[in-house]
Amino acid sequence: MLQFALIQDRRSTGDFFGWIESRIGYLILRRRGKFDQFKAGDSGCSRMKNMSIRSLCGSRADFNQRYHTKDELQDVGRGIGERDLVEEDELGGEYMPVPGGPFSAMIPSLWPQKILQTISESPEGVTYNEFGFVRSATDPDREPFDDKAHQKLPWLAHLEFSVADQTKDNKMSWDKMHHKVAHTEKLRSMILDGIPHSLRAQMWMRLSGAVEKKYGSEIAYGDIVRSSIKIHRADDKIIERDILRIFPSHPCFSNRSSTGTNRLRRVLRSLVWMYPNIGYCPGYCSIVAPLLLFLEENDAFWLMTVIIETLLPPSYFAHGMLGAQADQKVLLELIEEYMPEVAAKFKKEDIDMTLVTISWFMSLFSNVLNISSLLPLWDWFFYDGSIVLLQTTLGMMKEKSEDMLQLESAVLFNYLSSLPNSIPSMAATLKMGASLSTNLTPEVIHQKRQKHLAVMMASTGSLFAPNFPFNMPNQEVSQGSTGSMFRGLLADHSVSSKQKNIRQTELLVNLREAILIICRHFQTHDLQLGKVVRHTFSRLSGIDTFMAKYRRMSVRFFRLVVYLRYLSSIHHHPYRTQWPITRRKVICVTAKFTDLPHAVIVAEPKPSWISSGQLTTNWASARTTSS
Amino acid sequence: MAASAVASPRVHDFKVVLLGEGCVGKTSLVLRYVENKFNEKHESTLQASFLTKKLTIGNRRVNLSIWDTAGQERFHALGPIYYRDSNGAILTYDITDDDSFQKVKNWVKELKKMLGTDIMLTIIGNKTDLEKQRNVSVETAEQYAESVGATHFQTSAKLNRGVEEVFLDLSRRMIEQADKQDAEKRALSPSSRSTAAGNVVLLEETPAAPIKSGCC
């Protein structure tokens, strides 16, 4: 089932705001007053309209229907108006790929007609594979990537139980299916064998909960695309650079106006708009681009939001990448546990695995694996979540542990870098990873993550000055103290303690990031209101008036504001809707978060807790004294 | 190339790290230098990789291990792991992009703070083949480099201009630095030697054969 924003009716601006307020007011507010954008860029409004397009078995009619949706997307593109988003390639012509032939594994709306035409006229000398990549001479010979009936049948049988409405006719279709597929042992074992490719995209959406997310969202993808015109220039610049460097040899991603590139650009910009506190992360590009080969643009977007919000632990992509870094430490701990000899070898050769593995985790292995090995891994990832990344790495290392023990430093490092590509069968490795770590549960992983996060957060500041005496504080940030800090803020009894725990971690991680950014700024910019701060501010509505009002405020106060702007971007932050900020609020909020008495914040000439290094220490100690 | 009849029995093992914003040409520079290759369309680097190169300067033999890093802003957090124990750093900017030059300045500040004067810095303006679109003037860059004690070079990995010189000059300075540290070490009494923890590793034998492949 696909969902598109159709520009249906045009209303007056007043009506528009009324509608916004009733429909997505809260959400927009939470996204920090994006009203201005709507006012400036759009006089009409868009409505969501659900279109059921895809049925289980892709037919020709089905494809044509999908083709027609192209115009609507272009409409969304024109709404942006900033740059020409009209697709360059002629889509939806007569040419279809041969089953198992070039481009056949890709989503039909991405089939490049010109190339398919050339191929159909002269099938010799075909240089593209099923996924549309230029086939290199070193490509291993493998079976054509196509569904086998005997693989697909058990899946169809299994899915039949998930069909919500069986009354109408006998034909199964995705829109009749429940939004979420029940996780069972049976399904799990089927997934370890791989999902048939024609069911893959829709199964990913359902396994991960992305369908629920998509229909549960109060704002449609089209609206997000429209709103994302005004993302920060710096992010935009990097996006433009990255989208050309992700699949340079793929005909759909090779130049600035290719179909794939345009979709990728829109999804990435939307993600930046959706998560302003994260901004653009290169990891986005390496995940979204492969997704776009198999999913429609708007599905890819929602799947990515699920990856960011639920499948991966907090702060994976954010500044500092604490979540991802903590996972590397968890990984090392697990290697020590399951393969002590390998861990000892790394230590002996002085190899820091993080440099290699962090990019595997952040790209969900897409930057090291070729697509055909990546797909089974992703099948499992969308089912089980981030634990799969750890298990896969363990599986790969186990498989190659004997080879690794023979090698020496430089050679070993490079061997490790290319480890995933030397794996002959991904499915076998996945099974090995799963069987190797049967006692590894999400709870165990979560505990380990918490532990490493706490240690990393406690050593705040070590990023810029590890030799600075203040940066070696008491390394204990026990969960008890963090719990008490946010008890007042998160007095939501409806959430389970585990979720609460996650939210607290998220809050702390974000807080720490915010502080780090401020520290870095004041360290490198000599207390002048440089670019970074303007960048920091640019996303906060009402800040201009605020600045005008308090132009002559002290630097100290200014720092508080920067700090608070970051607080405000935290997801579940209760103060989020209280912008624009006032001086009183700043002081109150700061007092609440730091547990410093109001008077100290106002009176103290240079609050030590906001200067670098000492920050965490004082902050933590302030905490303990008050409790 | 095992047994050495060369005058000096010592082989210097230097770690050189390439830093700089994304898309300024770090990977291209290393590939040009080590493998003499250039690829117009390069995928962006997410994963740090390293290549090695052997040099003979005068009668000294040098093994360079050159670390290519991910330049994107987000990976800045990994900086300390990248430049840990480095003897030299090559800070690269794109002459057509002023932001990337500002980024170099940030790196210089960070490296000075973390590693002091132990690390030799080289600043490179890459992509001189795009001279027409230049945004960073040579004078500004040279002045800045001088003010922080770094050398400045202009290169084009595409046209293979100036790449070799960069690594030669840096190696020379790293050797000087190593000699200086050696001299300091010798000046100290042998008993207190453990306190002078220089980060130059001097090996008695030539280590493993050069690695041909490895990057990307």
Side-chain angles (χ1 to χ4, degrees), chain A residues 234-235 237-238 241-242 244-249 254 278-286 317-322 324-325 328 350 352 354-360 362-363 366-368 407-411 413-415 417-418 462-468 513 516 520 523-525 530-531, chain B residues 13 15 17 21-24 27 39-52 63 65-82 84-85 94 97 99-100 102-103 105-110 113-116 201 207-216:
Chain A
D235 285 331
K237 188 176 157 193
I238 310 176
R241 217 163 47 192
D242 270 12
L244 287 181
R245 304 214 302 161
I246 187 73
F247 291 150
S249 65
S254 58
I278 299 179
Y280 172 73
C281 173
Y284 284 178
C285 197
S286 22
F317 299 110
H319 295 275
M321 308 186 297
L322 274 190
Q325 289 198 58
Q328 306 317 305
D350 191 24
D352 196 326
T354 309
L355 286 178
V356 177
T357 49
I358 198 166
S359 66
W360 297 354
M362 286 186 64
S363 64
S366 75
N367 74 325
V368 275
L407 301 172
E408 281 183 359
S409 67
V411 190
F413 184 88
N414 284 328
Y415 183 83
S417 307
S418 56
S462 59
L463 277 180
F464 343 102
N467 304 326
F468 201 56
E513 269 162 28
L516 279 183
R520 179 172 291 153
Q523 279 201 332
T524 53
H525 288 73
K531 259 188 194 166
Chain B
D13 257 359
K15 175 179 167 185
V17 60
E21 211 185 12
C23 212
V24 296
T27 307
N39 186 353
E40 189 82 42
K41 289 188 161 185
H42 221 291
E43 287 171 33
S44 57
T45 312
L46 285 183
Q47 182 171 313
S49 65
F50 92 87
L51 285 92
T52 53
N63 285 333
S65 28
I66 307 164
W67 287 71
D68 181 23
T69 64
Q72 311 259 20
E73 171 76 43
R74 204 45 59 99
F75 291 97
H76 198 112
L78 300 179
I81 316 178
Y82 287 151
R84 186 177 65 115
D85 299 334
D94 173 351
D97 179 7
D99 287 350
S100 69
Q102 301 306 323
K103 195 76 195 291
K105 291 183 178 174
N106 287 351
W107 276 117
V108 169
K109 264 184 194 155
E110 183 168 340
K113 191 170 265 169
M114 308 294 288
L115 303 173
V201 190
I211 302 144
K212 280 277 154 58
S213 68
C215 180
C216 307

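Chain A is the first sequence line, chain B the second, and so forth, proteins listed ahead of strands; every chain is numbered from 1. Reckoned from all heavy atoms, side chains included, excluding hydrogens, waters and symmetry mates.
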Looking at [X] and [Y], what are the two nearest heavy atoms and their distance?
| X | Y | answer |
| --- | --- | --- |
| I278(A) | R74(B) | O-NH2, 2.7 Å |
| S417(A) | A48(B) | OG-O, 4.4 Å |
| D97(B) | R241(A) | OD2-NH1, 4.2 Å |

Between atom [atom1] of [X] and atom [atom2] of [Y], what is the distance when rounded to the nearest 0.5 Å?
| X | Y | atom1 | atom2 | value |
| --- | --- | --- | --- | --- |
| R245(A) | L46(B) | CZ | CG | 9.0 Å |
| T357(A) | Q47(B) | OG1 | CD | 8.5 Å |
| D242(A) | C23(B) | CG | SG | 8.0 Å |

[X] versus chain B, heavy atoms under 4.5 Å apart: side chain, backbone, both or neither?
| X | value |
| --- | --- |
| I358(A) | side chain |
| S286(A) | side chain |
| L355(A) | both |

Identify which part of [X] has an atom lying under 4.5 Å from any heavy atom of chain A, answering side chain, backbone, both or neither.
| X | value |
| --- | --- |
| E40(B) | neither |
| S44(B) | both |
| Q72(B) | side chain |

Between the side chain of N414(A) and the main-chain N/O of F50(B), is any donor-acceptor distance below 3.5 Å? yes
Applying salt bridge (charged side-chain N to carboxylate O under 4.0 Å, His left out), name anything that partners D94(B), two or more places apart in sequence or on another chain. K127(B)
Hey, mind stepping through L78(B) and M321(A) against side-chain contact (heavy atoms from CB on, under 4.5 Å) and telling me if it holds? CA-CA 9 Å; L78(B) 300 179; M321(A) 308 186 297; 3.8 Å; yes
What's the verdict on side-chain contact (heavy atoms from CB on, under 4.5 Å) for F75(B) and M362(A), showing C-alpha distance, side-chain angles and the deciding distance? CA-CA 11 Å; F75(B) 291 97; M362(A) 286 186 64; 4.2 Å; yes
Residues two or more places apart in sequence or in another chain: which of them pass ring pair (Phe, Tyr, Trp, His ring centres under 6.0 Å) with W360(A)?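 Checked W360(A) against ring pair (Phe, Tyr, Trp, His ring centres under 6.0 Å); matches are F365(A).
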